[in-house]
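Take a look at the structure set out below.
A, B, ... follow the sequence lines: proteins, then strands. Residue 1 opens every chain. Everything quoted here is computed from the prediction, not taken from an experiment.
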Number of protein chains: 4
Amino acid sequence: MASIVEAAAQVLETEGFEGFNTNAVARRAGVSIGSLYQYFPGKDALTVALIRRETARFYDDALIALGKRSGRAALEYLIGAAVRQQLQRPMLARLLDIAEGRPALRGEVNTTAMEELITTVVRRAAPKHARPETASGDLFAIVRGMVDAAGERGERDLDDLERRVRAAVFGYLARSGAA
Amino acid sequence: MASIVEAAAQVLETEGFEGFNTNAVARRAGVSIGSLYQYFPGKDALTVALIRRETARFYDDALIALGKRSGRAALEYLIGAAVRQQLQRPMLARLLDIAEGRPALRGEVNTTAMEELITTVVRRAAPKHARPETASGDLFAIVRGMVDAAGERGERDLDDLERRVRAAVFGYLARSGAA
Amino acid sequence: MASIVEAAAQVLETEGFEGFNTNAVARRAGVSIGSLYQYFPGKDALTVALIRRETARFYDDALIALGKRSGRAALEYLIGAAVRQQLQRPMLARLLDIAEGRPALRGEVNTTAMEELITTVVRRAAPKHARPETASGDLFAIVRGMVDAAGERGERDLDDLERRVRAAVFGYLARSGAA
Amino acid sequence: MASIVEAAAQVLETEGFEGFNTNAVARRAGVSIGSLYQYFPGKDALTVALIRRETARFYDDALIALGKRSGRAALEYLIGAAVRQQLQRPMLARLLDIAEGRPALRGEVNTTAMEELITTVVRRAAPKHARPETASGDLFAIVRGMVDAAGERGERDLDDLERRVRAAVFGYLARSGAA
DNA sequence: AATGAATGAGCCTTCATTCAT
DNA sequence: AATGAATGAAGGCTCATTCAT
């Protein structure tokens, strides 16, 4: 199961959506196409599993962030985690961001828990913000947008990117929704 | 030609990438598949034409922005244009942003003119910024990310969104690359 | 008309059957596809016209051969003509030989006059041959086979090839159908 | 696999190049189009397989010919084999001879082994011939030309045809390249 | 007569999915 | 449970031919 999901990740990463087909994934995983369908009822299910796997990693990091003493530290930790993760396998991350938006998958990938978690962090980092839910959505979009673009450009300097993302995030928080 | 491109836009908008095939586009345009191929050598060419059409509209706006007296006004105008345009046909805009990233099309869609234009605006709005090219790339990614996400969520309040985008943009500029 | 046929010859020669389509021929001829269809009711008619044009050239040579004093000289002249002509535009000749065999064209290209003429020459060159019709068919096949193969190989030495073809022709005549 | 190739042979035989398409072959073979593509990566590969199947049969005969005591007997055996085989399915043989010449397939069908084998036989049958390679090429063309033409004409008398081919072959050898 | 945009049947090929073994 | 051959709907594209101008 896990090896199939990882195979899916690798195929997506190396071949893009063009080459992302069930037969290729099965081959890469070293299992038969029949076995793949034993574990996943269809291609979309496989994609969802992959998305969930990546999301889970970030979710864990977000939980750690919650443990930070200050709100600011929590948000900074979260940004660092996002940057690091997204840039670790930039192609994969970007492609999954796209896949996540497909209407067929929208219902399958539950983002609410994630969003609430981020909202919590935002709330703690900017307690006086008038619309923390909106802000958390915006911040998520900002980070994702910046990091995907950086990945596309082939940037490798994590620290620099992280600094810029922080500038955007805290700049946004400072200027939006001032109580 | 133009009607085929518009048909392509509509198909992409309503059916997504799944249903975006040349036969569907031809049908929607009310022409035969043969005619479509008389004007566009292939599916990708059609996609590129659509991307260029949308890009051109924004490019025109960017030129207007350059005419603004203050740098800040220019940047604000640009943000407004981006928000308005992207939210006019949100699904289409989002899908084209994705399509633009496809390796096969990367070479076809010349983004450099666009980028330079934005960089010019950024330079004027933040003359003391240490890395205007990087900043313009980041800002483009921020705006695109925020607006795409808003479109996905179904937001309709342009003014509110524009305010938030401004917060992010100017917040980023204020905190990054301070001379 | 003639220019369209020549255009057909050139397209066939340079692009092969793959690229031999009516639009390409019209383009090469510098006329519209509509005009092409004004002169030729269809693609096959165009092909037939081309075959006939090439056959006619050889037919003229065959008539000259008939004027030769000795039968042997007549046959030798004919061989020379065949070799020369076939090797002048080898690709075209080979392709036309193939096209000629297509069932759809078999009825359109009247070979009987040609065959009778050759039979006459053979009869004069080998008066004692028991089956001149069969012989002329065989000889035609031999010459065509040898010259097409030579063309395919890229042979350019006309004299050498002609010598070898003579050897085959006269060798065949000497050993077959001895009265 | 073999049944698909045989289906290809039959389609080619009965419908000619016109009707020789992968769907027709699959239908005739009683398999789905998908299965056909599981065994052959493309239409050309199927054609090549068919050519190779037919070539192999002749190659086997050529090996037998090599075992003959006298050179003359070997050559005669080879001629007989060629005549018999080519006239067994004349249409198929002719069409494959044509297909073999298609530029796209030239590289795929290795003829050198075959040619060397024939050259060996020729060398043994006419040890004093000055240019055995040229001669074997010519003889191959002669035989193919004669037998294809006979097939086209609908000849069925194998013995007669074989006699005439022998006349051409040995006549050619006697008169060309005398040491 | 000439033009060439328009047509659409039909071809090659892919790939998600099934099912007998 | 695993296998992988088989399936066939569907999509990209070509090109002979037509017909309004």
Side-chain angles (χ1 to χ4, degrees), chain A residues 1 4 11 15 17-27 29-47 104, chain B residues 1 3-4 11 15 17-27 29-47, chain C residues 1 4 11 15 17-27 29-47 104, chain D residues 1 3-4 11 15 17-27 29-47:
Chain A
M1 283 250 359
I4 296 177
V11 170
E15 319 291 339
F17 281 115
E18 317 272 46
F20 183 56
N21 60 270
T22 52
N23 288 283
V25 170
R27 204 179 318 123
V31 301
S32 69
I33 180 67
S35 288
L36 186 152
Y37 273 86
Q38 209 112 47
Y39 291 115
F40 303 94
K43 191 190 186 185
D44 281 354
L46 176 58
T47 311
Chain B
M1 283 242 8
S3 69
I4 296 176
V11 170
E15 319 291 340
F17 282 116
E18 317 273 18
F20 183 58
N21 61 264
T22 54
N23 289 288
V25 171
R27 205 177 317 122
V31 300
S32 69
I33 181 65
S35 286
L36 188 153
Y37 275 90
Q38 205 129 44
Y39 292 110
F40 303 94
K43 191 189 184 185
D44 280 356
L46 177 57
T47 310
Chain C
M1 287 246 0
I4 296 177
V11 171
E15 318 292 340
F17 280 116
E18 316 273 47
F20 183 57
N21 59 268
T22 53
N23 289 285
V25 170
R27 203 180 318 123
V31 300
S32 68
I33 181 67
S35 288
L36 186 153
Y37 273 86
Q38 209 113 47
Y39 292 114
F40 302 95
K43 191 189 185 185
D44 281 355
L46 176 58
T47 310
Chain D
M1 284 244 6
S3 71
I4 295 177
V11 170
E15 319 291 339
F17 282 114
E18 319 272 15
F20 183 58
N21 60 265
T22 52
N23 290 287
V25 170
R27 204 178 318 122
V31 301
S32 69
I33 182 63
S35 287
L36 186 152
Y37 275 87
Q38 206 128 45
Y39 292 110
F40 303 95
K43 191 190 184 186
D44 281 355
L46 177 58
T47 310

*Can you pull the salt bridge (Lys or Arg N to Asp or Glu O under 4.0 Å) pairs that have at least one residue in residues 30-41 of chain D, sequence neighbours excluded?*
none
*State, with a plain yes or no, whether a side-chain heavy atom of Phe40(C) is found less than 4.5 Å away from one of Thr22(C).*
no
_Under 4.0 Å, heavy atoms only, any strand: does Phe40(C) hit a base, just the sugar-phosphate, or nothing?_
nothing
*asked:* When you measure from the side-chain N and O atoms of Ser32(C) to the phosphate of dT3(E), is any distance below 4.0 Å, counting only OP1 and OP2?
replied: yes
*asked:* Under 4.0 Å from OP1 or OP2 of dA1(E): is there any side-chain N or O of Tyr39(C) that close?
replied: no
*How would you list all residue pairs meeting salt bridge (Lys or Arg N to Asp or Glu O under 4.0 Å) that involve residues 30-41 of chain B, not counting sequence neighbours?*
none
*Measure from CD1 on Ile4(A) to C1' on dA2(F) and round the result to the nearest Å.*
11 Å
*Hunt down any stem DNA chain E takes part in, defined as 3 or more consecutive Watson-Crick or G-U pairs whose two distances are each under 3.5 Å.*
E:2-21 with F:2-21
*Residues which pass side-chain hydrogen bond (donor to acceptor under 3.5 Å, both in side chains) with Asn23(C), listed by chain and number, not counting sequence neighbours*: none
*Map Val31(D) and Gln38(A) onto DNA chain F by nearest heavy atom, then report which one ends up closer to the 5' terminus.*
Gln38(A)
*Starting at atom CE of Met1(A), determine the distance to atom P of dA1(F), rounded to an integer number of angstrom.*
12 Å
What are the atom names and distances for every N/O pair under 3.5 Å that joins the protein to nucleotides 15-17 of chain E?
from: dA16(E); atom 1: OP1; to: Lys43(A); atom 2: NZ; distance (Å): 3.0
from: dA16(E); atom 1: OP2; to: Thr22(A); atom 2: N; distance (Å): 2.7
from: dA16(E); atom 1: OP2; to: Thr22(A); atom 2: OG1; distance (Å): 2.9
from: dA16(E); atom 1: N7; to: Asn23(A); atom 2: ND2; distance (Å): 3.4
from: dT17(E); atom 1: OP2; to: Tyr37(A); atom 2: OH; distance (Å): 2.9
from: dT17(E); atom 1: OP2; to: Lys43(A); atom 2: N; distance (Å): 3.0

*Can you list the residues that meet the side-chain hydrogen bond (donor to acceptor under 3.5 Å, both in side chains) rule with Glu18(A), with sequence neighbours excluded?*
none
*What is the distance, rounded to the nearest whole Å, between atom CZ of Arg27(C) and atom P of dA2(E)?*
19 Å
_Atom-pair distance (CG on Leu46(B); C1' on dC13(F)), nearest Å_ = 13 Å
*Tell me which nucleotide among dA5(F), dT3(E), dA5(E) gets nearest to the side chain of Ser35(C).*
dT3(E)
*Measuring from Leu36(B):CG to Lys43(B):NZ, what's the distance to the nearest 0.5 Å?*
11.0 Å
_Atom-to-atom span, CG of Leu36(D) to P of dG8(F) - whole angstrom_ = 14 Å
*Write down the atom of Phe20(C), the atom of Val25(C), and the distance for their closest heavy-atom approach.*
CE1-CG2, 3.8 Å
_Considering only residues two or more places apart or on different chains, which pairs with a residue in residues 32-41 of chain A satisfy side-chain hydrogen bond (donor to acceptor under 3.5 Å, both in side chains)?_
Ser32(A)-Ser35(A)
*Taking all non-hydrogen atoms of both residues, which atom of Val11(B) and which atom of Ala24(B) are closest, and how far apart?*
CG2-O, 4.0 Å
